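We use all heavy atoms of the structure for the numbers below, so side chains are in, but hydrogens, waters and symmetry mates are not. Treat the numbers as computed from the prediction; the structure is a model and nothing was measured. Chain A is the first sequence line, chain B the second, and so forth, proteins listed ahead of strands; every chain is numbered from 1.
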Amino acid sequence: MFGSEYVLIRSVHVLGAGLLLGGSSCLWLLFLLDRDISVQLLTWFELLFWPIAAIVVFTGLGNIVGFGVAPPGTNAGLAFTLKLTVLLAIVVSSVLRSLVVREGQVAGQASVAGAGLRRLYAMTGWLFAAVVLLAGVVAYG
Amino acid sequence: MDNKPTGLQPERVLEVLTVGTGVLVGLTVGIALVLHLTGELGPILTEIGTFPVSLLFGYLWLLALVGASQVKIGTAIADGEYRRQLENGAIVGVGISLVYLTVVFIIGFVAPTPAVFDPASQPMLVIVGVGVIGGAIGGLLIVASLLGLGIYSKRLTN
């Protein structure tokens, strides 16, 4: 029972992070391929992004309860420090990104083609990729 | 016929979800980072346990969303009413702090397991005072940061 509980928590954590990494990367690629992206599509992503982000952070805390965390002085502990720092950068840039999408909604635009928004999705994708790499170091050293 | 829309506008739903969840997730990660650097993260979470942590997180999420619904970042930037929203932020910060402390006190008194802090051994007025002042300053700073991000988001849109 102990094993299954924490395997479930870790699975949800990894799946959630995968969805956010995949979603933001796909939208960045869409911006690169087609300059006009539907505001409705971006709104859907943002509305899904925040609950999933909350679940990822919450299951991350569950992971710590189940598997522990290395002391800050070790390599794994340093990787965990970096992981949390990168996560903070993701949160701040994502609030900004969602507010930009909201501006598109308020303006009644059907689609947006902003370079700023494209960079923000790229930033989210790359920062999540960094989190995945750091998570590997945290888990396996 | 009155065509005025009723209920929450889609942009307001996105704003409340973004502000409420973003602040909660940001604060959780920030606090986790500080606790990790001081070596207290693992022991504290293990002591509390998975189920209480889940309840606490869900409870805080609900509080954060209710709090976010009282602050209007987009409207404040459009109308220039920054001061009113900063005041709202301070009031919401105090409100969340008091509601949170009340529940923590109740759980602390009735729970059979050790709480995060033992309310019986702490001077109640000091905790409430620190909670109110901290909530007001925290709410003010958070809304100020969100207003800054909101203003920058307008620049990115144009």
Item to check | Under 4.5 Å from any heavy atom of chain B - which part of Ile90(A) | outcome: neither

Item to check | Flag if over 12 foreign heavy atoms under 6.0 Å of OH, Tyr152(B) | outcome: no

Checklist outcome for this item: chain B shares the most heavy-atom pairs under 4.5 Å, among Val57(A), Val91(A), Leu96(A), with Leu96(A)

Checklist entry - Can you find a pair of side-chain heavy atoms, one from Leu41(B) and one from Ile64(A), that are under 4.5 Å apart? => result yes

Checklist outcome for this item: What one should report as the nearest heavy-atom pair of Thr18(B) and Ser98(A) is OG1-CB, 3.3 Å

Next on the checklist: Heavy-atom count check: over 12 atoms from other residues, nucleotides or ligands less than 6.0 Å from Arg12(B) CZ?
Outcome noted: yes

Next on the checklist: Do Tyr82(B) and Ile137(B) sit in one hydrophobic cluster, given that two such residues count as connected whenever their side-chain heavy atoms are within less than 4.5 Å of each other, even indirectly?
Outcome noted: no

Item to check | Contacting region of Phe57(B) [heavy-atom separation from chain A under 4.5 Å] | outcome: side chain

Checklist entry - Of the listed residues (Gly22(B), Gly30(B), Gly148(B)), which shares the most heavy-atom pairs with chain A below a 4.5 Å separation? => result Gly22(B)

Item to check | Within 6.0 Å of CD in Glu81(B), more than 12 heavy atoms from elsewhere | outcome: yes

Checklist entry - Is any side-chain heavy atom of Leu117(A) less than 4.5 Å from a side-chain heavy atom of Leu156(B)? => result no

Checklist entry - Salt bridge check: are Glu15(B) and Arg102(A) linked by an N-O gap of less than 4.0 Å? => result yes

Checklist entry - Is it the backbone or the side chain of Leu14(B) that comes under 4.5 Å from a heavy atom of chain A, or both, or neither? => result both

Checklist entry - Are Leu29(A) and Val132(A) in one and the same hydrophobic cluster, where Ile, Leu, Val, Met, Phe, Trp and Tyr link if side-chain heavy atoms are under 4.5 Å apart? => result yes

Next on the checklist: Side chains of Pro51(A) and Leu17(B), heavy atoms from C-beta outward: is any pair under 4.5 Å?
Outcome noted: yes

Item to check | Ala115(A) portion near chain B, given a 4.5 angstrom heavy-atom threshold | outcome: neither

Checklist entry - Are Ile151(B) and Leu146(B) grouped together when hydrophobic residues (ILVMFWY) are joined by side-chain heavy atoms under 4.5 angstrom apart? => result yes

Checklist entry - Is Phe49(A) reachable from Leu21(A) through a run of I, L, V, M, F, W or Y residues, each pair having side-chain heavy atoms under 4.5 Å apart? => result yes

Checklist entry - Based on non-hydrogen pairs under 4.5 Å, which of Thr81(A), Leu87(A), Val101(A) is most in contact with chain B? => result Thr81(A)

Checklist entry - Heavy-atom count around Lys83(A) NZ within 6.0 Å, excluding the residue itself: above 12? => result yes

Next on the checklist: Please classify the contact between Val56(A) and chain B as side chain, backbone, both or neither, with a heavy-atom cut-off of under 4.5 Å.
Outcome noted: neither

Checklist entry - Got more than 12 heavy atoms from elsewhere within 6.0 Å of CH2, Trp126(A)? => result no

Checklist entry - At a heavy-atom separation under 4.5 Å, does Thr28(B) approach chain A through its side chain, its backbone, both, or neither? => result side chain

Checklist entry - Given the rule that I, L, V, M, F, W and Y join up when any side-chain heavy atoms are under 4.5 Å apart, are Val34(B) and Leu78(A) in one cluster? => result no

Next on the checklist: Can you tell me if Asp34(A) has over 12 outside heavy atoms packed within less than 6.0 Å of its CG?
Outcome noted: yes

Item to check | Leu149(B)/Leu99(A) under side chain to side chain contact (heavy atoms under 4.5 Å, CB included): CA gap, chis, key distance, verdict | outcome: CA-CA 8 Å; Leu149(B) 284 173; Leu99(A) 290 176; 4.2 Å; yes

Checklist outcome for this item: Counting heavy-atom pairs under 4.5 Å with chain A, the top scorer among Gly42(B), Pro10(B), Gly150(B), Gly39(B) is Pro10(B)

Checklist entry - How far apart are the closest heavy atoms of Glu11(B) and Gln105(A), and which atoms are they? => result CA-OE1, 3.2 Å

Checklist entry - Once you round to the nearest 0.5 Å, how far does CZ of Phe80(A) lie from CG of Leu37(B)? => result 10.0 Å

Item to check | Any Val69(A) side-chain heavy atom under 4.5 Å of His36(B) side chain | outcome: yes

